[in-house]
A.B. asks: 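Input: one structure, supplied below.
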Amino acid sequence: MVDGNLSMQISSEAGRSRSRCGPRSLCETASAPRKLVRPEKMAAPDPGRYGECGPRPPARLSSRAGQEPGTVLSAVGMMDLAYVCEWEKWPKITYCPSVPLACAWSCRNLIAFTTDLRNDDQDLTRMIHILDTEHPWDVHSINSEHSEAITCLEWDQSGSRLLSADADGQIKCWSMADHLANSWESSVGSLVEGDPIVALSWLHNGVKLALHVEKSGASSFGEKFSRVKFSPSLTLFGGKPMEGWIAVTVSGLVTVSLLKPSGQVLTSTESLCRLRGRVALADIAFTGGGNIVVATADGSSMSPVQFYKVCVSVVSEKCRIDTEILPSLFMRCTTDLNRKDKFPAITHLKFLARDMSEQVLLCASSQTSSIVECWSLRKEGLPVNNIFHQISPVVGDKQPMILKWRILSATNDLDRVSAVALPKLPISLTNTDLKVASDTQFYPGLGLALAFHDGSVHIAHRLSLQTMAVFYSSSAPRSADEPAIKRPRTTGPAIHFKAMQLSWTSLALVGIDNHGKLSMLRISPSLGHPLEAKLALQHLLFLLEYCMVTGYDWWDILLHVQPGMVQSLVEKLHEEYMRQKPALQQVLSTRILAMKASLCKLSPCTVTRVCDYHTKLFLMAISSTLKSLLRPHFLNTPDKSPGDRLAEICAKITDVDIDKVMINLKTEEFVLDMNTLQALQQLLQWVGDFVLYLLASLPNQGSPLRPGHSFLRDGTSLGMLRELMVVIRIWGLLKPSCLPVYTATSDTQDSMSLLFRLLTKLWICCRDEGPASEPDEALVDECCLLPSQLLVPSLDWLPASDGLVSRLQPKQPLRLFFGRAPPLPGSTTTLQLDGLARAPGQPKIDHLRRLHLGAYPTEECKACTRCGCVTMLKSPNNTTAVKQWEQRWIKNCLCGGLWRRVPLSYS
């Protein structure tokens with residue numbers, strides 16, 4: 001979910017920058033048709049290749065409404081398969097696709113989908129499966145305990161809660177148990193007994209950002225991404241959005257459930273209109289004024305598509321629902337006498353976006369073919385008869401306005417559509433915005449996905465419905481360990497997607513086919529258009545910045561980053577970050593480090609920086625936590641906190657003697673409870689070990705493949721380490737047992753003083769702005785002697801990631817199986833570097849508590865889905881300071897990734 005405070009800060013930073021998300025004339029594109037020439041018939045792709053991208057078959061998706069005959073599709077782009085994950089065959093149970101099949105993709109890159117588990121007695125268990133895209137084999141299967149087929153799945157705006165609804169009217173709200181992505185529980189829900197749910201949505205929280213693609217070169221994030229005025233569906237006291245969900249049933253009822261802060265659920269049900277009828281299809285959208293729009297159809301193309309406005313309020317502690325009928329429409333295909341009965345059923349009804357209630361997509365089908373239409377709602381003047389002008393001249397001055405649905409575009413006859421997926425990127429689609437997208441050549445978010453029964457998938461423009469990319473699937477990919485032998489072709493029904501979802505940046509597509517198999521597709525950002533390398537890099541950078549601002553996961557962007565792009569992306573990302581205001585930099589400081597670490601995994605030239613970025617995250621967390629423990633001696637202390645004064649004094653005093661620096665501090669502010677100091681010993685030990693490791697590696701600074709290399713030129717991080725060394729020295733006077741333990745060759749060696757002196761000299765070389773000066777030879781010589789004075793520890797860096805993104809190769813899809821960890825091919829970034837290799841049976845470590853777990857841990861652990869960081873599930877220490885430290889990581893890893901439970905013998 002978009003961070004509300006962050007987006008407010010960005011919005012205010014934007015000043016009066018123009019917001020383009022407010023629809024003006026949503027039908028303007030139909031009035032200025034684009035004239036194209038129909039191409040010659042093209043050869044069909046070779047069916048022996050899997051995931052082949054190729055030219056469009058003739059007359060696949062051509063625009064009809066408001067355009068002359070002879071208009072054709074735009075250039076066909078590229079999609080390719082990243083991986084396929086399927087179920088293994090079991091002797092007594094079978095996972096089979098559910099009917100209907102529901103699928104949902106969250107902003108945290110979690111995918112939920114449904115199957116039916118059938119046993120030998122033909123009993124069905126309704127299952128919900130949740131996985132993260134980086135580890136698709138590690139699927140968490142939930143026995144939903146729904147008595148009937150699951151009809152809807154819906155993630156909330158934060159991507160951490162999931163709604164499921166079934167054909168018996170039951171709705172369940174699932175949340176993470178212990179904040180683990182592979183452990184879910186349902187504690188609340190609602191019920192409309194015996195009435196199947198056909199549409200489901202969370203209430204809108206009022207947070208909406210606009211992407212200004214034409215300002216992608218602007219310096220401020222506030223100019224690129226601005227907050228759009230959008231009211232929540234319902235608010236609590238003080239304007240805080242109220243959480244809850246809305247659903248539509250097959251009998252024409254709308255039900256709303258509100259989650260009160262106390263945990264109580266308020267549920268109310270109301271008829272959409274007085275004359276209730278069957279609702280076979282429905283969708284839900286939201287308006288900027290806080291209202292809800294519901295679209296319904298009875299399944300017949302001869303019947304109108306009805307629209308209703310729904311207002312939700314709380315009166316006397318009860319939920320109240322008011323409905324109002326809006327203008328309806330008939331599909332254009334039913335008005336053509338020659339094709340009146342050709343498409344008898346409406347099979348898909350969807351608003352183009354959850355917060356875009358003025359545009360709707362309709363699909364009518366027969367047994368073998370389909371047609372797709374795009375409609376828009378706009379205000380039109382109502383003609384007034386001349387007689388009324390004579391009676392009341394005022395009427396002629398102000399023409400009355402009415403709302404009316406107008407068709408924007410429609411396709412020719414297509415193969416039967418099996419699934420539709422709509423983009424979630426908030427790109428506005430007015431005439432001006434479409435021109436901006438064309439001028440900037442920014443294509444993500446402009447296309448929707450259509451899957452057909454012949455197995456193909458098309459990306460079509462959201463309004464003109466012109467084809468932008470095509471994907472054909474004809475055979476299964478090879479497994480990672482399967483030899484490349486020629487397999488016989490099989491005959492039978494074509495494999496096609498029954499449910500699809502686009503990622504939140506529209507750069508990836510997931511589909512579940514009629515065999516229950518999950519396929520992950522990359523969608524090229526250029527969609528087949530020729531783009532300069534510099535422009536393609538700029539588009540990826542723009543989407544990375546969008547994820548940084550919103551807090552969304554960026555895994556789908558990494559699918560398109562080539563090893564040669566990593567260095568440029570990291571540098572440009574840092575440049576854009578440094579151009580922001582200091583307050584915004586502080587908010588985004590951890591996200592940009594996590595993003596840089598994810599990028600550096602993709603190239604062998606930058607893999608060691610991954611350790612450096614994670615170490616910097618850890619160092620920043622330790623520094624802020626330890627400084628927060630300091631308390632002013634007097635309550636009426638001036639505005640500066642003890643931590644701020646510590647940083648100021650350490651920056652001002654450049655003396656290499658640690659005791660002389662301590663004299664300038666108020667030591668009474670550093671007094672802590674003895675038990676607290678002892679509980680922090682492991683963290684303090686890590687600080688001391690890391691300082692020793694850095695100084696000992698200074699003579700080898702010419703080797704960038706050594707972890708910690710970037711710290712030797714980072715004045716900010718070295719200054720932070722210097723401050724922590726002073727704090728540790730003071731605490732050591734209170735309780736010597738909390739000091740870092742060093743193995744010295746001399747009993748009289750003052751290790752802390754020695755390390756502080758060398759660290760200060762190194763810090764002086766690079767503390768100023770601009771290029772760092774080279775350390776003098778005397779400092780290098782002293783650092784060369786360190787291994788003979790102190791035993792240099794071997795630091796335990798983060799384990800090698802077991803994820804997929806760094807191992808995926810273009811045109812080489814992986815074949816995976818649910819529940820079975822694959823023997824993944826070697827990553828191009830897997831190098832045996834100093835400190836990174838772990839021998840079998842070597843003791844393992846808790847990366848956040850810095851506790852040794854032994855070679856075969858007996859405590860349950862959790863691992864980060866993004867960086868692989870491992871920590872214990874339960875805390876071994878109940879000290880207040882330790883709880884404060886652990887509370888920082890209870891929901892997310894230090895890189896922002898989600899936690900997942902791992903087996904006891906993690907690797």
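These values consider heavy atoms only, across backbone and side chains, with no hydrogens, waters or symmetry-generated copies. Note that the coordinates shown come from a computational prediction; the quantities given were computed from them, not determined experimentally.
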A.B. asks: Quick one about Trp245 and Thr255 (side-chain donor to acceptor, distance below 3.5 Å, no hydrogens or angles considered), yes or no?
C.D. replies: no

A.B. asks: State whether a side-chain donor-acceptor pair under 3.5 Å links Ser257 with Thr267.
C.D. replies: yes

A.B. asks: Closest heavy-atom contact between Ala247 and Ile197?
C.D. replies: CB-CG2, 3.9 Å

A.B. asks: Taking the side chain as every heavy atom from C-beta outward, state whether Gln501 and Lys424 have any atom pair closer than 4.5 Å.
C.D. replies: yes

A.B. asks: Identify the heavy atoms of Ser366 and Phe343 that sit nearest to each other, and give their distance.
C.D. replies: N-CD2, 4.1 Å

A.B. asks: Between Arg406 and Glu358, does the salt bridge (Lys or Arg N to Asp or Glu O under 4.0 Å) criterion hold? Intermediate values first, please.
C.D. replies: CA-CA 10 Å; Arg406 291 290 186 183; Glu358 300 88 359; over 6 Å; no

A.B. asks: So that I can tick it off, tell me whether Glu154 and Arg354 are bridged by a salt bridge, with the cut-off set at under 4.0 angstrom between side-chain N and carboxylate O.
C.D. replies: yes

A.B. asks: Nearest 0.5 Å please: distance from the CD1 atom of Ile150 over to the SG atom of Cys152.
C.D. replies: 10.0 Å

A.B. asks: Look up atom OG1 in Thr269 and atom CD1 in Ile321, then write down how far apart they are to the nearest 0.5 Å.
C.D. replies: 6.0 Å

A.B. asks: Using the benzene-type ring in the case of Trp, are the ring centres of Phe452 and His458 under 6.0 Å apart?
C.D. replies: yes

A.B. asks: More than 12 non-hydrogen atoms from neighbouring residues, nucleotides or ligands closer than 6.0 Å to NZ on Lys240, yes or no?
C.D. replies: no

A.B. asks: Does atom CG of Leu275 have more than 12 heavy-atom neighbours from other groups under 6.0 Å away?
C.D. replies: no

A.B. asks: To the closest 0.5 Å, what do you measure between CE (Met331) and OG (Ser300)?
C.D. replies: 11.0 Å

A.B. asks: Can Glu270 and Arg320 be counted as an ion pair, charged N to O under 4.0 angstrom?
C.D. replies: no

A.B. asks: Determine whether a donor-acceptor pair (N or O, by modelled atom type, separation under 3.5 Å) exists between the side chain of Thr151 and the backbone of Ala167.
C.D. replies: no

A.B. asks: Considering only NZ, NE, NH1 and NH2 on the basic side and carboxylate oxygens on the acidic side, decide whether Asp413 and Lys342 come within less than 4.0 Å.
C.D. replies: yes

A.B. asks: Under 6.0 Å between the ring centres of His212 and Phe225?
C.D. replies: no

A.B. asks: Rounded to the nearest 0.5 Å, how far does CG of Leu414 lie from OG1 of Thr368?
C.D. replies: 11.5 Å

A.B. asks: State, to 0.1 Å, how close Ala421 and Leu509 come at their nearest heavy-atom pair, and which atoms those are.
C.D. replies: CB-CD1, 4.1 Å

A.B. asks: Taking atom types as modelled and ignoring hydrogens, do the side chains of Trp405 and Ser376 form a donor-acceptor contact shorter than 3.5 angstrom?
C.D. replies: no

